[in-house]
Protein chains: 2
Amino acid sequence: MTLADQPPAGALVFQTLLAHGPLTRAEVGRRTGLSPGAVTKVTAPLLADGWITELGRPAVERANGRPATLIAVHAGRARFVGVKVTGDELIGVLADLTAQPLATARTALASRDVGNVVLAIARLVGELRAEADAMGEREVHSIGVTISGDVDGQTGTVQYSPFLDWRRVPLAQLVETATGTPTVIENDVRALTVAEQWFGAGVGLSSFAVVTVGAGIGCGISIGGRVVSGAHGVSGEVGHLPVGGTDRVCTCGNTGCVEAVASTHAITEQARQASGDPALTMDEAVRLAHAGDGAVRAVFSHAGHVMGLALASVANLIGPERIIISGEGVASYDLYEDQIRQTFAAHAFGAASECDLVVRPLPFEEWARGGAAVAAQRLFAPTK
Amino acid sequence: MTLADQPPAGALVFQTLLAHGPLTRAEVGRRTGLSPGAVTKVTAPLLADGWITELGRPAVERANGRPATLIAVHAGRARFVGVKVTGDELIGVLADLTAQPLATARTALASRDVGNVVLAIARLVGELRAEADAMGEREVHSIGVTISGDVDGQTGTVQYSPFLDWRRVPLAQLVETATGTPTVIENDVRALTVAEQWFGAGVGLSSFAVVTVGAGIGCGISIGGRVVSGAHGVSGEVGHLPVGGTDRVCTCGNTGCVEAVASTHAITEQARQASGDPALTMDEAVRLAHAGDGAVRAVFSHAGHVMGLALASVANLIGPERIIISGEGVASYDLYEDQIRQTFAAHAFGAASECDLVVRPLPFEEWARGGAAVAAQRLFAPTK
DNA sequence: GATCATACATTTCCTCGGGAAACTAAGGAA
DNA sequence: TTCCTTAGTTTCCCGAGGAAATGTATGATC
């Protein structure tokens with residue numbers, strides 16, 4: 001509870017431990033630039049309050065000198081619930097301080113009415129809270145709700161959600177009163193980016209982007225440890241980069257959007273045309289392509305090409321150290337990975353091509369974990 | 001000289017005055033969140049060293065209470081020389097603390113040999129220094145050299161310059177020894193962005209982008225007061241966003257690059273084809289288009305469309321508060337402005353279209369002014 | 001096995017930055 | 001005049017963190 005009012009050095013030490021795992025005090029001092037004395041002083045209250053724990057000796061002992069003691073964040077010190085809201089279901093996860101999932105839950109949404117969704121969230125949170133109690137876990141500290149669209153985390157308002165058709169819904173406040181637990185909300189992709197930044201493939205990078213491929217194509221951008229929000233709430237709209245040619249029309253009304261070519265919907269639709277089977281599913285399309293169906297393969301290959309152009313655009317503009325590709329669509333990733341990399345390499349300008357492309361599967365609860373990460377982040381990095 | 005070792009509050013006050021012009025101490029305190037006492041304490045040494053001056057009463061007097069005293073940065077306290085290096089000439093400018101130009105100079109480059117360029121820079125600096133002496137100005141504090149390509153400002157090295165065909169040239173060191181004056185170097189577009197951020201249309205914005213149209217098409221991106229550098233030295237490569245269709249081949253070998261369609265070179269070339277006159281100049285093309293030549297107009301309109309797609313890409317990814325369009329190419333801006341705005345509005349996703357598009361002419365010395373701004377910035381914002 | 005060297009950790013002391021609040025300054029209004 | 005209001009200054013104080021002396025636990029050395 002007292003984490004919020006630590007001196008700057010305290011927060012710095014805590015975040016260093018969070019990002020880099022168990023370290024000795026001396027090592028923490030070196031990495032943060034703090035003096036040894038300051039580290040000791042600042043770790044004392046964190047230890048006393050149980051935010052960090054001593055772990056004993058490091059695995060690789062030093063040749064001589066007094067042996068060091070590892071300290072690490074005490075992940076169990078606080079619990080969070082993360083909830084991802086989609087158009088038709090809720091995904092919830094109970095997680096610890098390091099956003100490790102302890103339990104998950106899903107529930108279908110009967111309607112998209114605000115009151116109904118809030119009620120469903122409260123029920124889901126109750127479920128997870130009960131599970132936490134059963135596990136002997138302590139009280140849930142706060143809730144992080146994530147949702148696609150234009151979300152203002154400062155005011156806790158969903159400015160606009162296309163999937164739910166919501167406008168200016170004070171969701172944080174509503175969930176807070178329905179559950180009695182402090183709640184923060186955030187855009188789903190940005191929450192995922194926060195999770196990657198603190199606990200995933202973005203740890204320690206000066207800049208990186210997370211691209212998610214699924215029903216939509218989204219992107220979170222982190223530069224210098226801060227996730228880019230966009231002055232008007234919009235950022236990372238990779239799905240609507242106009243690099244896809246003129247043949248397909250996007251839901252936004254334009255031609256050329258990446259989403260109109262490379263989203264799972266778009267691929268399925270194109271595969272149906274290519275195969276002549278109007279009821280073809282994504283799984284079947286993948287199977288056909290793997291079996292060598294040229295027309296269907298071409299669909300994946302074209303999608304890969306457009307994705308490559310999109311990633312090259314990100315690299316050319318931002319120059320991130322790494323781009324993390326993730327999402328349901330990654331199930332069929334091997335089908336177009338080569339094409340993505342090839343197109344990316346061709347269109348990334350100069351040293352931008354040194355950008356590291358990595359693929360990470362995105363388990364369904366990962367989205368919800370992002371919510372927990374955002375909730376946790378408010379605790380230890382209460383900036384802004 | 002003592003500006004570098006001011007306490008944080010001192011730097012904050014100075015930067016506030018730099019960005020927002022003359023203010024009363026009370027107002028400075030309000031804007032920075034500092035207590036009145038702190039403002040007084042911190043301004044005292046700045047006044048004593050001549051970094052700021054008192055300006056007397058504000059224009060709009062307050063109804064009651066003690067009259068306030070304005071304080072403002074003393075622009076003449078320090079001089080800087082900014083130099084922009086292109087493939088065939090040098091542009092130099094003598095500027096004050098606020099990067100206001102006091103004198104300019106140009107010189108042609110006989111060869112692109114490193115030694116020759118360094119010598120030419122030293123001569124140009126000498127010229128401007130003499131002019132400063134004649135004006136009774138004080139010593140030049142430092143030099144900022146800007147150059148397009150991959151520039152590492154930390155080490156003072158030009159990693160790669162396509163126009164000059166340089167690789168790993170320690171330019172800062174070379175100019176420093178040749179002139180005897182401390183020198184910093186920076187990528188030209190990023191330097192321009194720094195100038196806009198501190199002294200131009202980017203003052204006070206949480207994020208903005210500067211797009212320059214000319215022989216190449218470049219872009220500087222500023223987010224949260226920091227100019228994005230790219231992990232591998234590449235960022236803002238708007239010129240190579242692949243949104244331009246497949247019909248024209250770029251110097252980088254790809255099709256679809258913005259630069260292959262909308263740079264001044266590309267427009268001239270396309271206008272020549274459209275008009276059938278292989279010796280057509282840009283000026284003549286502009287005249288033809290203004291006169292109603294449909295084919296030439298179409299060239300400008302297509303370039304505008306592709307520029308609109310590029311700006312929409314920037315807006316969709318970053319969500320800047322404003323995009324500043326600038327460059328030599330802007331001479332013919334009215335010819336395709338409508339098309340740019342129309343395409344931008346169509347392809348900027350959701351609230352990203354609220355991004356403010358402004359056009360600023362780019363006088364030839366503006367590039368060099370960027371160098372002076374970078375040099376000045378090192379003085380008052382000596383971060384990293 | 002006593003001593004030493006070494007590196008980790010703690011404690012003590014001190015400096016410095018900036019806030020709180022009392023105080024001074026300078027004008028207008030009653 | 002006196003009072004009110006806002007600007008600016010001074011004084012006092014507290015908290016954060018660095019420097020350096022001190023304490024501590026190990027292996028190495030004689």
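As a basis for the values below, the full set of heavy atoms in this structure was taken, side chains included, without hydrogen atoms, waters or symmetry mates. As the structure is a prediction and not an experimental result, all values here were calculated from the model.
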(message) For the backbone of Pro182(A) and the side chain of Glu176(A), can you confirm whether one donor and one acceptor N or O come within less than 3.5 Å of each other?
(response) no
(message) Treating Arg322(A) as the side-chain partner and Phe208(A) as the backbone partner, does any N or O pair qualify as donor plus acceptor under 3.5 Å?
(response) no
For the pair made of [atom1] in [X] and [atom2] in [N], what is the distance, rounded to whole Å?
{"X": "Leu46(A)", "N": "dA9(C)", "atom1": "CG", "atom2": "P", "result": "15 Å"}
{"X": "Glu27(B)", "N": "dA7(D)", "atom1": "CD", "atom2": "P", "result": "9 Å"}
{"X": "Leu55(B)", "N": "dG8(D)", "atom1": "CG", "atom2": "P", "result": "13 Å"}
{"X": "Arg31(A)", "N": "dC8(C)", "atom1": "CZ", "atom2": "P", "result": "13 Å"}

So, OP1 or OP2 of [N]: does either fall under 4.0 Å of a side-chain N or O from [X]?
{"X": "Arg30(B)", "N": "dT6(D)", "value": "no"}
{"X": "Thr69(B)", "N": "dA7(D)", "value": "no"}
{"X": "Arg25(B)", "N": "dT9(D)", "value": "yes"}

(request) Can you check each nucleotide of nucleotides 14-27 of chain C against protein heavy atoms at under 4.0 Å and return B for base, S for sugar-phosphate only, - for none, in 5' to 3' order? (result) ---SBB-----BBB
(request) Working to the nearest 0.5 Å, report the span between CD1 of Ile221(B) and CD1 of Ile223(A). (result) 7.5 Å
(request) Examine the side chains of Thr179(A) and Arg129(A) and answer whether a donor and an acceptor come within less than 3.5 Å of each other. (result) no
(message) A side-chain contact here means heavy atoms from C-beta on lying under 4.5 Å apart; do Phe80(A) and Leu379(A) qualify?
(response) yes
(request) Could you tell me whether Trp51(A) and Phe380(A) have their ring centroids closer than 6.0 angstrom? (result) no
(request) Consider the side chain of Thr40(A), meaning its heavy atoms from C-beta on, and name the nucleotide among dA7(D), dT9(D), dT11(C) that approaches it most closely. (result) dT11(C)
